[in-house]
There are 2 protein chains.
Amino acid sequence: MGGVRLKDVAAVAGVSVRTVSNVVNRFPHVAPDTRARVEKALEELNYRPNLAARNLRRGRSGLIGLVVPEIDSPYFSELAAHLVLAAEERSWTVLVDQTGGEPARERAFLEGAAAAFVDGLVFSPWGLGAADLSRSAEDIPLVLLGERTGEGVADHIAIDNVAAAVQATEHLIALGRRRIAAIGVQSHLTNETARLRLDGYRASLRAAGHPRREPFEVEVAALHRGDGAAAMRTLLALPEPPDAVFCFNDQLALGAIRAARDAGLDVPRDLAVVGFDDIEDGRYSCPSLTTISPDKWAIAVRALECLAERLDGDRSNSARDILVPHRLVVRESSGHPSGT
Amino acid sequence: MGGVRLKDVAAVAGVSVRTVSNVVNRFPHVAPDTRARVEKALEELNYRPNLAARNLRRGRSGLIGLVVPEIDSPYFSELAAHLVLAAEERSWTVLVDQTGGEPARERAFLEGAAAAFVDGLVFSPWGLGAADLSRSAEDIPLVLLGERTGEGVADHIAIDNVAAAVQATEHLIALGRRRIAAIGVQSHLTNETARLRLDGYRASLRAAGHPRREPFEVEVAALHRGDGAAAMRTLLALPEPPDAVFCFNDQLALGAIRAARDAGLDVPRDLAVVGFDDIEDGRYSCPSLTTISPDKWAIAVRALECLAERLDGDRSNSARDILVPHRLVVRESSGHPSGT
DNA sequence: CGCGCGCTTTGCAACGTTGCAACACTCTGC
DNA sequence: GCAGAGTGTTGCAACGTTGCAAAGCGCGCG
């Protein structure tokens with residue numbers, strides 16, 4: 001059934017409802033034989049607590065929300081996997097929603113009914129600005145992921161994007177590449193990820209004395225493989241195409257590599273490629289992908305830590321800004337070509 | 001806040017609690033000016049219904065659970081994306097759990113607290129057999145995904161795996177390949193996916209008069225790229241290695257391709273590869289991957305249909321067995337090599 | 001003019017659980 | 001033998017919402 005209530009168990013065990021509740025909740029002061037009798041009845045009737053009632057009473061649901069633009073993007077699905085696992089240790093369950101990065105849907109979720117349901121929210125915004133977020137942050141423990149200058153509206157976890165972009169670009173410079181392009185500019189978004197990575201890219205070129213070439217900074221509509229391929233084709237159509245490209249995520253990079261190879265180029269000989277995110281595909285692609293690897297496990301764990309703190313302690317603490325580590329993972333796409 | 005109750009809104013609007021509830025629930029018989037006054041108060045106080053209380057009263061949570069072995073496997077994350085989207089149309093929210101395919105954790109979830117929470121469950125079992133499932137199926141609307149001979153314990157959605165495997169193998173045979181291996185056998189699992197695909201593979205070979213070669217049926221521990229690569233290395237170490245391989249999923253295939261190329265082989269010239277699942281990576285990999293493409297959108301939609309029916313109608317209907325379409329998508333990994 | 005019908009609003013109770021506080025009982029120490 | 005501390009168990013109320021049924025109201029029709 002599923003309609004077994006404490007009352008039913010109590011009747012079978014011959015005790016009060018409250019005692020059954022005590023057993024279920026592991027309240028220490030229960031006589032061993034009473035406990036045994038109740039547990040037998042629980043087992044017999046296959047009792048399961050009604051969480052709606054429990055939540056109503058306790059004011060907690062044990063649910064946390066993960067709100068991401070697209071769950072089928074490898075970066076987000078890997079993050080989700082870590083988060084679900086980490087949540088399990090705190091006996092929390094994860095509820096997933098996708099926004100497609102659309103501000104309207106992001107807002108709908110934050111203010112919507114589902115938000116009232118969860119004890120906390122891990123949110124990776126693309127379209128929403130700090131102003132929108134501040135309203136919701138009052139209602140519910142909120143952790144922001146991704147590269148948004150926090151502004152103190154909520155706890156915020158990210159890697160140092162500028163530093164990572166610098167590392168990626170410097171790696172290409174150190175390899176002797178002179179014409180380094182960037183794929184992944186998204187000037188239309190409020191989302192600052194692309195801007196920060198672009199900043200790092202530009203700073204590195206400037207520091208190395210490379211000229212800045214406008215057409216080398218390629219805008220993309222979205223962050224999928226197809227967009228990376230299209231951007232690459234644009235670059236290859238230039239009179240003087242690049243000999244290296246820094247892509248703002250791995251999917252763009254994989255698409256770019258694909259387009260380069262379709263055009264007859266050898267990666268990395270003719271074109272060195274660096275990505276960002278270290279998704280699993282990049283480890284087995286041909287060539288394997290040099291990339292910036294953010295510590296996703298740390299992101300998940302720290303995010304839950306933040307939520308837990310807000311839930312337990314006072315919420316008035318000023319918002320935290322947490323930086324998690326990242327590292328450059330050098331693989332074939334920027335290394336020495338297998339044939340050279 | 002978040003602690004705004006109907007009572008508070010009622011006080012501000014100067015009506016009864018029940019009337020506010022009527023407005024919130026779009027009950028038709030509310031006088032226009034009353035409605036306006038209540039709505040103003042709702043807006044002013046930023047009221048949001050307490051879902052725990054609502055669920056307790058209504059007996060529905062609006063939540064459905066998706067239980068998969070690993071959410072970061074592309075196949076499952078793509079499926080999750082579709083499911084979340086499809087669920088939105090029914091104003092359901094999706095709760096995700098990972099089992100790692102371990103029977104204990106699968107059972108824990110089915111019988112655990114979280115299951116009591118959701119209105120229905122979409123479950124992709126690896127380790128659990130029909131016997132285990134039947135107990136839970138009574139409690140809650142349940143849809144099984146994947147290739148399990150249903151046994152009528154619950155609604156079940158899958159593609160015709162044997163037919164698909166036959167199609168994949170016949171494709172390789174038609175290309176003139178003579179030594180066709182299979183990667184992905186998992187004899188230790190209750191899960192029947194691998195067995196069905198193996199059946200199809202064997203049947204095709206037999207029909208074409210090919211001998212069955214034991215060492216060509218390679219067992220894998222898991223279904224990740226690394227396992228595919230390892231399996232491929234085993235095959236390449238044989239005195240007479242295969243000239244084609246049918247992998248039971250795309251990740252295995254991508255790993256296998258990687259290993260083949262590391263060994264100096266050209267795919268598809270020296271080795272034709274067919275995968276299964278049609279994950280996004282395979283469309284942009286080098287070479288792009290020939291694969292069996294199940295209609296994932298149909299799976300998601302039909303799954304929700306089943307749940308909806310069970311929720312509305314009587315649950316005693318005998319379990320349905322739904323077959324969704326699939327098709328063979330031919331790409332480079334089995335086609336004519338770009339250089340040939 | 002009065003009756004009845006339909007629209008609008010309301011109070012009460014209940015969903016299943018747990019916090020609180022009180023109770024009954026046993027045991028220890030004087 | 002009795003106060004006091006501790007152990008084990010209980011009843012009551014409340015969490016915020018909605019179903020039910022009934023009450024209040026105004027209107028049209030006979």
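Here is how names work: the chains are called A, B, and so on, in the same order as the sequence lines, proteins then strands, and each is numbered from 1. Because only heavy atoms are used, hydrogens play no part in the values below, and waters and symmetry mates are left out as well, while side chains stay in.
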For this session: Round to a whole Å and report the spacing from CG of B:Asn50 to C1' of D:dG16.
Result: 6 Å

For this session: Apply side-chain hydrogen bond (donor to acceptor under 3.5 Å, both in side chains) to the pair B:Arg54 and B:Asn50, showing each step before the final yes or no.
Result: CA-CA 6 Å; B:Arg54 176 177 284 180; B:Asn50 178 321; over 6 Å; no

Exercise. Any salt bridge between B:Arg105 and A:Glu88, counting N to O under 4.0 Å?
Worked result: yes

Seminar exercise, completed: Taking for B:Ala53 and for B:Ala31 the nucleotide of DNA chain C with the nearest heavy atom, the one nearer the 5' end belongs to B:Ala31

Exercise. Heavy atoms, side chains only, cut-off 4.5 Å: are B:Glu106 and B:Glu102 in contact?
Worked result: no

Exercise. Taking CZ from B:Phe117 and C1' from C:dT17, how many angstroms apart are they, rounded to a whole number?
Worked result: 13 Å

Exercise. A:Thr34 side chain N/O closer than 4.0 Å to the phosphate oxygens (OP1, OP2) of D:dT9?
Worked result: yes

For this session: Calculate the interatomic distance between A:Lys7 atom NZ and D:dT10 atom C1'; express it in whole Å.
Result: 16 Å

Problem set entry | Degree of bending, the helix from C:dC1-D:dG30 to C:dC30-D:dG1 (end axes from five pairs; round to 10°) | 50°

Problem set entry | Shortest non-hydrogen contact from B:Leu142 toward B:Ala154 | O-CB, 3.7 Å

Exercise. Got B:Leu79 and B:Leu145 here, is their nearest side-chain heavy-atom distance under 4.5 Å?
Worked result: yes

Can you give the donor-acceptor pairs under 3.5 Å from side chains of residues 67-77 of chain A to other protein atoms, not counting sequence neighbours?
from: A:Glu70; atom 1: OE1; to: A:His224; atom 2: NE2; distance (Å): 3.2
from: A:Glu70; atom 1: OE2; to: A:Ser73; atom 2: OG; distance (Å): 3.1
from: A:Glu70; atom 1: OE2; to: A:His224; atom 2: NE2; distance (Å): 2.7
from: A:Ser73; atom 1: OG; to: A:Gln251; atom 2: NE2; distance (Å): 3.1
from: A:Ser77; atom 1: OG; to: A:Pro74; atom 2: O; distance (Å): 3.2

For this session: In whole angstrom, give the distance that lies between atom CZ of B:Arg48 and atom P of D:dT17.
Result: 13 Å

Problem set entry | DNA chain D-proximal residues of residues 16-28 of chain A, any heavy atom under 4.0 Å | A:Ser16, A:Arg18, A:Thr19, A:Asn22, A:Phe27

Seminar exercise, completed: To the nearest angstrom, the CZ-P distance between A:Arg5 and C:dA14 comes to 13 Å

Problem set entry | Distance in angstrom units between A:Leu56 CG and C:dC15 C1', rounded | 9 Å

For this session: Starting from P on C:dG19, measure out to CZ on A:Arg60 and report it in whole angstrom.
Result: 12 Å

Exercise. So, B:Asn55 versus B:Ser61: side-chain donor-acceptor pair below 3.5 Å or not?
Worked result: no

For this session: Calculate the interatomic distance between B:Arg57 atom CZ and D:dC20 atom P; express it in whole Å.
Result: 8 Å

For this session: Indicate yes or no: at least one non-hydrogen side-chain atom of B:Val20 is less than 4.5 angstrom from one of B:Val15.
Result: yes

For this session: Apply salt bridge (charged side-chain N to carboxylate O under 4.0 Å, His left out) to the pair A:Glu305 and A:Arg302, showing each step before the final yes or no.
Result: CA-CA 5 Å; A:Glu305 267 175 31; A:Arg302 304 301 297 272; 3.3 Å; yes

Problem set entry | C:dT18 phosphate, OP1 or OP2, under 4.0 Å from A:Arg54 side-chain N/O | yes

Exercise. Among D:dC15, C:dA14, C:dT17, which nucleotide sits nearest the side chain of A:Leu6?
Worked result: C:dT17

